[in-house]
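Let me begin by presenting the structure, written as structure tokens, before commenting on it.
First the proteins, then the strands, lettered A, B, ... as listed; each starts at 1. Computation of the quantities below employed the complete heavy-atom set of this structure, encompassing side-chain atoms and omitting hydrogens, waters and symmetry-equivalent molecules.
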Amino acid sequence: MATTKLGFIIQRPGYKSENPKLALTHAIASQSVEIYLKDGDLVTADIAFIGDGVLNCIKDQKALENYDLNSTESHIKMSLLLDLNVLVCKEDLDKFGLSESDIVLDAPEFGADMEVKVVSYAEIAKMMDDMHHLLFF
Amino acid sequence: MATTKLGFIIQRPGYKSENPKLALTHAIASQSVEIYLKDGDLVTADIAFIGDGVLNCIKDQKALENYDLNSTESHIKMSLLLDLNVLVCKEDLDKFGLSESDIVLDAPEFGADMEVKVVSYAEIAKMMDDMHHLLFF
Amino acid sequence: MKLVAFVSDYKMTVDTLDRLKPEKLGIILCQNGVYHATTKENGKASSLLNYSANYYVIQEDLETRGLSGANVVDGKVKVVNFGDVVDLIFNEYDKTAWL
Amino acid sequence: MKLVAFVSDYKMTVDTLDRLKPEKLGIILCQNGVYHATTKENGKASSLLNYSANYYVIQEDLETRGLSGANVVDGKVKVVNFGDVVDLIFNEYDKTAWL
Amino acid sequence: MGKLTIGCFASLVGSTNLDFAVKLSAAAMEKGHKVDLWVSGNGTMVSIKDQRPFKDYSKLEKPLKELMAKGLNITACEACAESRGYHEDNTLEGVKRFSMDWYLGSSFDADRLLHIGGE
Amino acid sequence: MGKLTIGCFASLVGSTNLDFAVKLSAAAMEKGHKVDLWVSGNGTMVSIKDQRPFKDYSKLEKPLKELMAKGLNITACEACAESRGYHEDNTLEGVKRFSMDWYLGSSFDADRLLHIGGE
């Protein structure tokens with residue numbers, strides 16, 4: 001019975017690169033990893049948006065309408081539905097003049113209980129310390 | 001009888017991206033374009049390295065030895081053999097502390113008569129004015 | 001020359017716009033370049049808006065990123081669609097540059 | 001944590017290195033990141049060399065770009081090969097970051 | 001009405017450079033212009049047939065087919081494709097494959113050329 | 001001796017990210033470590049068979065085959081591959097194709113993980 005903790009750190013804006021989306025879809029895959037593990041073993045995924053990466057969190061993204069593509073917003077909501085820990089750096093939101101009302105915070109329409117946590121960078125640094133491996137996107 | 005002049009402007013360093021190499025191989029393709037044209041019509045290619053793009057011109061690149069890949073240096077030499085006009089921005093070389101002895105200047109071993117021209121940015125701007133179309137890499 | 005430049009990134013890795021001095025300059029913000037039209041850092045608009053140029057931003061790329069509504073776009077930037085871009089390329093400028 | 005970061009670009013588009021404060025930091029310059037070890041702009045070494053870190057640069061990537069010869073590499077940067085990188089990852093640091 | 005030649009090099013399924021090139025082609029043709037589209041480098045990825053249309057990934061087979069039916073001229077760089085393992089028998093019907101000189105040839109009588117390089 | 005899991009996402013023939021991943025894998029195996037290599041996004045390009053080895057383009061089929069013969073474990077993201085038109089019958093022999101959870105599963109007992117994302 002052991003747990004391996006992965007931290008997914010998203011530092012760039014989306015769409016021009018596939019990376020922010022792949023970060024989320026890979027983090028979501030932590031929910032189906034047990035087929036590769038022994039009973040009781042776990043791999044967990046925490047997600048943090050920092051730097052220009054916080055621009056991925058702006059809500060009302062119309063990617064499906066314009067590019068026939070699931071939006072990064074919808075992937076964040078799916079992460080919440082699957083109870084992943086999603087952190088957004090408060091200092092970076094402040095820098096861009098973004099408040100909680102501008103970003104994806106929850107996903108009640110998906111039936112998600114979890115909410116996005118807007119936290120100071122210090123808490124994200126603590127999360128990173130706590131992980132076994134880090135993946136930067 | 002008409003001539004279309006294309007300017008290939010290389011503004012980024014090589015290898016991490018395929019682009020600087022593709023700029024040169026496409027410019028070189030101006031030598032075989034006549035199969036698409038009427039007798040007497042021409043497409044010419046001028047090449048200019050500006051900004052971080054001048055780093056592509058540093059000589060003694062060991063890409064073949066390390067990556068089994070033709071070097072950007074060899075593509076510059078091939079451009080000279082085919083009598084293409086190759087300009088390198090002097091102000092950018094100066095900024096990087098590079099002199100003519102650090103960069104590819106000629107290709108006598110290929111039998112090329114042409115030489116790379118180290119020129120002021122003003123001359124590159126004049127070349128760009130003179131072209132029908134510009135391609136930035 | 002009359003040059004229309006496309007900016008598709010928020011963080012630029014080239015300084016080519018600082019060098020180009022066409023008689024007429026248009027800058028079309030597309031893809032992640034649209035953030036230059038909308039996003040202030042510490043209250044300051046993007047320095048990319050400081051050129052003496054006509055600015056355009058593509059509506060679809062704003063919407064895709066959750067940046068709709070004219071109120072978020074800087075006053076000096078005109079919101080356009082792809083048809084407008086075609087007309088700009090053919091009627092207002094003679095050369096293009098994707099930076 | 002003991003973190004080893006890989007820098008593969010000359011122009012960086014993220015400022016993550018400014019934020020990370022591991023107890024031990026290694027920076028491995030690879031691909032176009034090697035220019036940080038060799039290239040001065042207006043006589044000044046790259047600001048990437050200003051962190052409190054152990055610096056490494058990959059020999060093959062220097063050579064590929066015509067940057068061989070120890071004399072061109074900044075004194076605070078150690079030239080290494082891929083085998084050395086493996087040992088750094090396994091023996092000197094516990095986490096990695098490709099930026 | 002004029003001719004627009006577009007080259008798209010550094011793009012890939014997952015960025016939106018190819019989407020951009022296709023949307024611009026559509027808009028130009030809508031206005032009566034003739035469009036040549038050259039894909040080289042990783043842009044050749046768009047020339048592969050039978051791409052599975054997932055909602056998580058850019059997909060251009062359908063719009064490309066519609067535009068080709070209306071006269072879009074699209075050619076992929078043969079060497080760039082072959083080096084990636086994209087072969088003739090795997091190529092979307094209607095997409096031609098030639099050497100790089102095709103792009104330069106297309107530029108000869110183009111009224112405007114947009115080269116989408118970048119990263 | 002330990003286990004190194006490498007993920008390579010944003011790379012492509014033409015950059016050197018996949019070359020880097022393969023060189024690092026070789027060096028780690030040389031020292032007796034076990035290596036798992038996950039390719040996703042455009043990194044799946046390396047999983048296609050019959051890539052023509054031109055001197056102008058990165059080519060990794062030969063070193064990959066040599067490393068697989070020595071025990072390199074390489075898996076490509078199935079959805080990323082399919083969305084690009086890279087199908088099972090086109091896949092380099094020995095390269096496996098699974099969902100993204102394979103990468104996370106490999107990380108479970110990895111001593112070190114290097115995730116090559118970036119651009």
Hey, is NZ on C:Lys78 packed in by over 12 heavy atoms from elsewhere, all under 6.0 Å?
no

Please indicate whether E:Lys62 has more than 12 foreign heavy atoms, meaning atoms of other residues, nucleotides or ligands, lying under 6.0 Å from its NZ.
no

Does any heavy atom of chain E fall under 4.5 Å from the side chain of C:Phe6, the backbone, both, or neither of them?
side chain

Set of ring-ring contact (aromatic ring centres under 6.0 Å, His included) partners for C:Phe90, sequence neighbours left out
E:His33

Between C:Asp61 and E:Thr16, is there a side-chain heavy-atom distance shorter than 4.5 Å?
no

Using side-chain heavy atoms (C-beta onward) and a distance below 4.5 Å, is C:Trp98 in contact with E:Phe20?
yes

Residues 65-90 of chain E: residues contacting chain C (heavy atom under 4.5 Å, by number):
none

Residues in residues 98-113 of chain E that sit under 4.5 Å from chain C, counting heavy atoms only:
E:Asp111, E:Arg112, E:Leu113

For E:Lys23, is it the side chain, the backbone, both or neither that has a heavy atom under 4.5 Å from a heavy atom of chain C?
both

Taking every heavy-atom pair that is under 4.5 Å apart, which of C:Asn81, C:Ile89, C:Asp84 has the most such pairs with chain E?
C:Ile89

Going by residue number, which parts of residues 27-43 of chain C are within reach of chain E, meaning a heavy-atom gap below 4.5 Å?
C:Cys30, C:Gln31

Considering all heavy atoms of both residues, which atom of C:Gly83 and which atom of E:Ala27 are nearest to each other, and what is their separation?
N-CB, 3.9 Å

